[in-house]
There are 2 protein chains.
Amino acid sequence: MKRKPSTEATSAWIRLMRVQSRVLDCVEQDLKKAGFPPLAWYDALLELSRAPSGELRPVELERQMLIPQYSTSRLIDRLVDEGLASRRECKIDKRGQFVEITEAGRELQKRMWGAYSAAIEKYVGSKLSDADAVKLSGLLDRLGCSCGEMKLPPVVHSNETTPSR
Amino acid sequence: MKRKPSTEATSAWIRLMRVQSRVLDCVEQDLKKAGFPPLAWYDALLELSRAPSGELRPVELERQMLIPQYSTSRLIDRLVDEGLASRRECKIDKRGQFVEITEAGRELQKRMWGAYSAAIEKYVGSKLSDADAVKLSGLLDRLGCSCGEMKLPPVVHSNETTPSR
DNA sequence: TCAAGATTGATGCAGGTGCATCGAGTGGAG
DNA sequence: CTCCACTCGATGCACCTGCATCAATCTTGA
């Protein structure tokens, strides 16, 4: 029940923690320096923009983004405050609501993708061959689906407006 | 200057973000459920306990842990408040100080390692063969040393009281 | 020797996050 | 229908973080 991890596993753990925090940091810095809001905003805007009519229930967004409920709630507050999204009431379930992306929201999302994709290329793409990127993805996936029970989207496809962290 | 990342790279980026946050979350949860403080405390205590006489300058700690100065300062505050470390003045440089781990600190560090190592095994070790763990480490290392310019410790060695995230 | 600049560590402030809890609304069992 | 359990989303609180800045001290170099 309390087997010790091998030094190899421990080492992988340490690197996973350190490397992602460094890389994330770098990417967030680049975005910030370009005058953009945090990555989480991008993720939310992307999810909304991909949704059928540009709108989602907060609960959906929450599940997509893997963040807690209150976090979603407040993120939406901020998007709405900035005019990037708007809340619409939900007729069929009066507890709920819809969050709809605005034109400004769509536009920001696209502009952010420019800086974001450049950062990904700079800090990840340029460091790894495609084949190695695939290997890395594969190894990471083995760790992913287990502590909780989520499935990651199998692979990313679109060409111009992609990720969602 | 603004080449787009390949979908492979983007996919690796997404997984790196998602998987590490899931796994870290799981580990932190396990520690918390076992009644322990956050991982950052462990990291600090470990660094201190490894230092020559159980004491370090805050600046050293900061560099080891890769966290900002103010963050170190406040982390030390908390450790001191809990009696896990104490501040000693530094004779030779009166701006500075030394932080020394206490017996309680050493003891907590050891007890935490029990739960921590079990979590690493549960969420990482058991998911990956040692060979795969090594591959993963290797791939991650390629991303690591670049955005800033830090070197990660080459590989972890000790057997009973290891990581430092 | 002395002023300018760098380094060390602390802190006020604004904002973000986790936790617990709340009120509104839904839906199912009896 | 009525109640009870549940889901949805918001929010008060405590704490944590990043940023900017501070005072104290050390170092440099003219």
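Nothing here was measured: the structure is a model prediction, and the numbers come from that model. Reminder, nothing fancy here: chain letters follow the sequence lines and each chain counts from 1.
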Distance in angstrom units between B:Glu89 CD and C:dG9 P, rounded: 13 Å
Atom pair distance, as rounded to whole Å: CH2 in B:Trp41 and P in D:dC15: 12 Å
For atom CD1 of A:Ile92 and atom C1' of C:dT26, their distance in whole Å: 12 Å
Short side-chain to backbone donor-acceptor contact, B:Glu28 and B:Pro38, under 3.5 Å: no
Of A:Thr72 and B:Pro68, the one whose closest DNA chain D nucleotide lies more 5': A:Thr72
Nearest-neighbour nucleotide for the A:Arg57 side chain, D:dC8, C:dT17, C:dG9 considered: D:dC8
A:Ser73 side-chain N/O to D:dA10 phosphate OP1/OP2 under 4.0 Å: yes
Atom pair distance, as rounded to whole Å: CG in B:Leu79 and C1' in C:dG9: 16 Å
Aromatic plane relationship, B:Tyr42 with B:Trp113 - under 30° parallel, 30 to 60° tilted, over 60° perpendicular: parallel
Check against side-chain contact (heavy atoms from CB on, under 4.5 Å), B:Arg57 and B:Asp93: CA-CA 11 Å; B:Arg57 301 283 299 264; B:Asp93 182 343; 3.8 Å; yes
Nucleotide C:dT8, atom P - distance to CD of B:Glu62 in whole Å: 8 Å
Contact letters for nucleotides 19-25 of chain D, in which S counts primed atoms plus P, OP1 and OP2 and B counts the base, heavy atoms under 4.0 Å: B----BB
Rounded distance in Å - CD (A:Glu28) to C1' (C:dG16): 13 Å
B:Ser11/B:Arg15 under side-chain hydrogen bond (donor to acceptor under 3.5 Å, both in side chains): CA gap, chis, key distance, verdict: CA-CA 6 Å; B:Ser11 174; B:Arg15 278 157 212 325; 3.3 Å; yes
Rounded interatomic separation in angstrom, taking CD1 from B:Ile76 and P from C:dT8: 13 Å
d(CG, A:Leu61; C1', D:dA10) in whole Å: 16 Å
For A:Leu140 against B:Leu136, the heavy-atom pair lying closest together: CD2-CD1, 4.1 Å
N/O donor-acceptor pair under 3.5 Å between A:Ser126 side chain and A:Lys122 backbone: yes
Side chains of B:Asp30 and B:Tyr116, donor plus acceptor under 3.5 Å: no
